[in-house]
**Student:** 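Below is one structure. I have some questions about it.
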Amino acid sequence: MRIAAWNVNSLKVRLPHVIRWLQDQEAKQQPIDALCLQELKLTDDKYPHQELEAAGYLSLAAGQKTYNGVAIIVRKAALASIASDAATSFLKPIRNIPANTDEQQRILAATIPFAGTKPIRLVSAYFPNGQSPDSDKFIYKLDWLSKLQTWLTEELQQNQRLALLGDFNIAPADADVHDPKAWEGQNLVSPPERNAFQELINLGFSDSFRMFEQAPKTFSWWDYRMMGFRRNAGMRIDHILLSEDLKEKCSASVVDKEPRTWEQPSDHAPVIATIQKT
DNA sequence: ATGGCGTGTCCAACACGA
């Protein structure tokens with residue numbers, strides 16, 4: 001089975017790409033069983049439940065006006081027979097980090113009862129961008145990271161099979177940056193952010209992408225400007241972190257650059273991890 | 001050279017992204 005994350009930069013604009021991508025993966029006999037979306041940029045009443053359900057997928061969304069917004073989409077055919085609607089397919093849902101009371105919708109967690117394997121708890125995450133290390137938004141980012149770490153410590157105690165997927169807005173190492181010298185110390189790569197990423201790893205997660213041999217300069221985001229994609233001037237800031245029990249079952253982790261080549265694309269590409277069922 | 005492009009919103013000029 002495969003789980004994925006994709007920052008779509010407006011679900012209203014990108015819904016055709018999401019459906020096309022899911023159907024392409026099915027046609028290749030490599031369906032996406034769960035897809036965590038970020039940057040919906042729409043309120044819950046505007047979420048396209050009907051269109052996605054018609055394509056064969058159930059959704060749980062945590063949206064807000066204009067900014068942020070996250071969702072979890074599951075393939076109906078991949079669910080255990082006990083799951084028939086959102087209430088039975090997304091168990092123990094949590095919106096936002098419990099310690100966070102502000103309006104920013106950046107976290108959605110749910111336990112998914114997949115057929116043929118033990119349930120998996122998924123966290124769809126859109127980490128704050130941070131803007132620049134000397135900004136108020138950067139202070140918010142570091143505070144948010146601290147609260148995330150505290151919350152995930154509890155989640156890991158309660159869920160052996162836990163995956164954290166999404167747009168982390170952190171490039172963990174220089175190998176994840178197209179021009180490390182130009183970016184040294186800047187937002188997305190600065191030491192406090194990378195330390196926070198490492199602290200997440202230290203809780204008991206593995207960066208699924210780095211468990212496998214990968215082509216150099218593999219990225220998940222490219223700036224719309226300056227022909228960033230054509231020059232492969234990108235960063236790897238979208239990640240799938242796996243708890244120890246899921247790490248043992250993970251057999252592959254890749255970035256699919258193809259949707260970034262489509263007309264009017266998101267600036268992010270989807271990232272995918274393959275999990276062996278038990 | 002801190003812009004460039006894309007999206008959403010108070011529909012026009014700005015906020016925000018990374």
Side-chain angles (χ1 to χ4, degrees), chain A residues 5-18 21 36-48 61-71 102-107 124-145 148 165-197 209 217-239 255 257 259-271:
Chain A
W6 193 2
N7 179 325
V8 291
N9 184 20
S10 168
L11 184 57
K12 181 186 170 191
V13 174
R14 228 67 64 191
L15 180 62
H17 280 202
V18 171
W21 186 67
C36 293
L37 297 181
Q38 294 82 41
E39 277 209 269
L40 306 180
K41 295 186 172 179
L42 43 77
T43 47
D44 289 348
D45 58 307
K46 301 237 171 56
Y47 188 91
Q64 68 178 94
K65 194 176 179 182
T66 311
Y67 301 120
N68 309 315
V70 288
D102 66 29
E103 75 286 359
Q104 297 193 31
Q105 297 300 314
R106 298 180 174 277
I107 288 285
S124 181
Y126 177 45
F127 289 34
N129 173 282
Q131 198 164 68
S132 80
D134 59 3
S135 69
D136 289 345
K137 291 194 175 68
F138 193 82
I139 293 168
Y140 180 86
K141 183 179 193 173
L142 294 182
D143 178 61
W144 191 92
L145 285 163
L148 178 72
L165 313 82
D167 177 359
F168 285 52
N169 273 315
I170 300 172
D174 282 354
D176 303 310
V177 182
H178 72 280
D179 188 347
K181 276 190 182 161
W183 278 86
E184 189 173 1
Q186 299 209 47
N187 194 44
L188 311 181
V189 307
S190 73
E193 296 165 74
R194 285 182 168 173
N195 289 343
F197 184 89
F209 184 81
K217 300 192 180 301
T218 300
F219 305 127
S220 67
W221 169 84
W222 301 263
D223 203 310
Y224 283 125
R225 299 163 293 185
M226 292 170 60
M227 295 189 294
F229 185 66
R230 210 180 297 185
R231 297 188 296 123
N232 196 31
M235 307 259 234
R236 193 177 69 92
I237 55 178
D238 300 270
H239 309 297
V255 180
K257 285 168 67 169
R260 189 63 174 76
T261 70
W262 294 347
E263 190 80 14
Q264 199 179 7
S266 168
D267 44 358
H268 295 252
V271 296

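Chain identifiers are assigned alphabetically (A, B, ...) following the order of the sequence lines, protein sequences preceding nucleic acid strands; residue numbering begins at 1 within each chain. Only this structure's heavy atoms are used, side chains among them; waters, hydrogens and symmetry mates stay out.
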**Student:** Students often get this wrong, so: under 4.0 angstrom with heavy atoms, is I237(A) touching a base, only sugar-phosphate, or nothing?
**Tutor:**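 I237(A): backbone/sugar contact only, no base atoms under 4.0 Å.
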**Student:** Rounded off to whole Å, could you give me the CZ-to-C1' distance for the R106(A) and dG17(B) pair?
**Tutor:**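 R106(A) atom CZ is separated from dG17(B) atom C1' by 10 Å.
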**Student:** Residues in side chain to side chain contact (heavy atoms under 4.5 Å, CB included) with D223(A), at least two apart?
**Tutor:**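 D223(A) satisfies side chain to side chain contact (heavy atoms under 4.5 Å, CB included) with W221(A), R225(A) once adjacent residues are dropped.
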**Student:** Using the P atom as the reference point in each nucleotide, state the distance between dG3(B) and dC14(B) in Å, no decimals.
**Tutor:**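 Each nucleotide's P atom is 13 Å from the other's.
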**Student:** In chain order, what residues pass the side chain to side chain contact (heavy atoms under 4.5 Å, CB included) check against D143(A), with sequence neighbours excluded?
**Tutor:**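 K147(A).
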**Student:** Can you tell me how far P in dC16(B) sits from the matching atom in dC10(B), rounded to whole Å?
**Tutor:**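 Each nucleotide's P atom is 15 Å from the other's.
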**Student:** If only side-chain N and O atoms of N187(A) are considered, is one of them under 4.0 Å from the OP1 or OP2 phosphate oxygen of dA18(B)?
**Tutor:**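 No, no such contact exists.
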**Student:** Please list all pairs meeting salt bridge (charged side-chain N to carboxylate O under 4.0 Å, His left out) that have one or both residues in residues 226-238 of chain A, counting only residues at least two apart or in different chains.
**Tutor:**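 Pairs touching residues 226-238 of chain A that pass the test: D176(A)-R236(A), D207(A)-R236(A).
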**Student:** Using the C1' atom as the reference point in each nucleotide, state the distance between dT9(B) and dA15(B) in Å, no decimals.
**Tutor:**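 Approximately 9 Å lies between the C1' atom of dT9(B) and that of dA15(B).
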**Student:** Report all interatomic pairs (protein N or O, nucleotide N or O of nucleotides 7-12 of chain B) with separations under 3.5 Å.
**Tutor:**
| unit_1 | atom_1 | unit_2 | atom_2 | d |
| --- | --- | --- | --- | --- |
| dT7(B) | OP1 | R14(A) | NH1 | 2.8 |
| dT7(B) | OP1 | R14(A) | NH2 | 3.0 |
| dT7(B) | OP2 | Q264(A) | NE2 | 3.2 |
| dT7(B) | O3' | S10(A) | OG | 3.3 |
| dG8(B) | OP1 | S10(A) | OG | 2.5 |

**Student:** What integer number of Å spans the C1' atoms of dA13(B) and dT7(B)?
**Tutor:**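 dA13(B) and dT7(B) have their C1' atoms separated by 14 Å.
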**Student:** Just to verify, what does K65(A) make a side chain to side chain contact (heavy atoms under 4.5 Å, CB included) with, not counting sequence neighbours?
**Tutor:**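 For K65(A), the residues satisfying side chain to side chain contact (heavy atoms under 4.5 Å, CB included) (neighbours in sequence not counted) are T43(A).
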**Student:** With sequence neighbours excluded, tell me which residues meet side-chain hydrogen bond (donor to acceptor under 3.5 Å, both in side chains) with S10(A).
**Tutor:**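 For S10(A), no residue satisfies side-chain hydrogen bond (donor to acceptor under 3.5 Å, both in side chains) once neighbours in sequence are set aside.
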**Student:** How close or far is atom P of dG6(B) from atom CD of E39(A), stated in whole angstroms?
**Tutor:**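 Going from CD in E39(A) over to P in dG6(B) covers 15 Å.
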**Student:** Determine, using ring centers only, whether W6(A) and W21(A) are less than 6.0 Å apart.
**Tutor:**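 Ring centroids of W21(A) and W6(A) are less than 6.0 Å from each other.
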**Student:** Working to the nearest 0.5 Å, report the span between CZ of F219(A) and CZ of F229(A).
**Tutor:**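 F219(A) CZ to F229(A) CZ: 11.5 Å, rounded to 0.5 Å.
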**Student:** Regarding N9(A) and K41(A), do their side chains bring together a donor and an acceptor under 3.5 Å, going by distance alone?
**Tutor:**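 Checked: N9(A)/K41(A) side chains pair up, N/O donor to acceptor below 3.5 Å.
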**Student:** dA18(B) C1' sits how many Å from W222(A) CH2, rounded?
**Tutor:**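 Taking CH2 of W222(A) and C1' of dA18(B), I get 13 Å after rounding.
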**Student:** Under the side-chain hydrogen bond (donor to acceptor under 3.5 Å, both in side chains) rule, collect the residues that match up with D136(A), sequence neighbours excluded.
**Tutor:**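 With sequence neighbours excluded, D136(A) shows a side-chain hydrogen bond (donor to acceptor under 3.5 Å, both in side chains) to no residue whatsoever.
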**Student:** With a 4.0 Å cut-off on heavy atoms, is N7(A) in touch with a base, just the backbone sugar-phosphate, or nothing at all?
**Tutor:**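 Counting heavy atoms under 4.0 Å across all strands, the contact made by N7(A) is with sugar-phosphate only.
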**Student:** With rounding to the nearest 0.5 Å, note down the distance linking NE2 in H268(A) to CD in E39(A).
**Tutor:**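 Rounded to the nearest 0.5 Å, the NE2-CD separation comes out at 6.0 Å.
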**Student:** Taking atom P of dC5(B) as reference, at what distance in whole Å does atom CZ of R260(A) sit?
**Tutor:**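 Whole-Å distance recorded here is 13 Å.
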**Student:** Tell me, please, which residues at least two apart from D174(A) pass side chain to side chain contact (heavy atoms under 4.5 Å, CB included).
**Tutor:**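 Once residues adjacent in sequence are excluded, the partners of D174(A) under the side chain to side chain contact (heavy atoms under 4.5 Å, CB included) criterion are P180(A), R194(A).
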**Student:** Between the protein and nucleotides 1-4 of chain B, are there any N/O to N/O pairs under 3.5 Å, and if so, what are the atom names and distances?
**Tutor:**
| unit_1 | atom_1 | unit_2 | atom_2 | d |
| --- | --- | --- | --- | --- |
| dG4(B) | N7 | R225(A) | NH1 | 3.3 |

**Student:** Apply ring pair (Phe, Tyr, Trp, His ring centres under 6.0 Å) to Y47(A) and list each qualifying residue two or more places apart in sequence or on a separate chain.
**Tutor:**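 Partners of Y47(A) by the ring pair (Phe, Tyr, Trp, His ring centres under 6.0 Å) criterion, ordered by chain and then number, come out as H49(A).
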**Student:** W221(A) CH2 to dC5(B) P: how many Å, rounded?
**Tutor:**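 Value for this atom pair: 14 Å.
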**Student:** Nearest whole Å is fine: how far is dG6(B) P from H17(A) NE2?
**Tutor:**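 That distance rounds to 13 Å.
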**Student:** Rounding to the closest angstrom, what is the interatomic distance between dT2(B) and dA18(B) at atom C1'?
**Tutor:**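 Nearest-Å result for dT2(B) against dA18(B) at atom C1': 13 Å.
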**Student:** Using heavy atoms and a sub-4.0 Å distance, could you list which residues of residues 124-136 of chain A are near DNA chain B? By number, please.
**Tutor:**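 Listed by number, they are Y126(A), N129(A), Q131(A).
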**Student:** Return the value, rounded to whole Å, for the distance between atom CD of Q105(A) and atom P of dC16(B).
**Tutor:**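 Whole-Å distance recorded here is 17 Å.
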**Student:** Expressed in whole Å, how much space separates the C1' atoms belonging to dA12(B) and dG8(B)?
**Tutor:**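 Straight-line distance between the two C1' atoms is 12 Å.
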**Student:** What is the distance, to the nearest angstrom, from the CZ atom on F229(A) to the P atom on dA18(B)?
**Tutor:**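 The answer, rounded to whole Å, is 17 Å.
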**Student:** Test of understanding: with ring pair (Phe, Tyr, Trp, His ring centres under 6.0 Å), list the residues that count as partners of F138(A), not counting sequence neighbours.
**Tutor:**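 Here no residue qualifies.
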**Student:** Whether H268(A) contacts dG17(B) is assessed here as follows: a side-chain N or O lying under 4.0 Å from the phosphate OP1 or OP2. Is that the case?
**Tutor:**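 No, because none of the side-chain N or O atoms of H268(A) sits under 4.0 Å from OP1 or OP2 of dG17(B).
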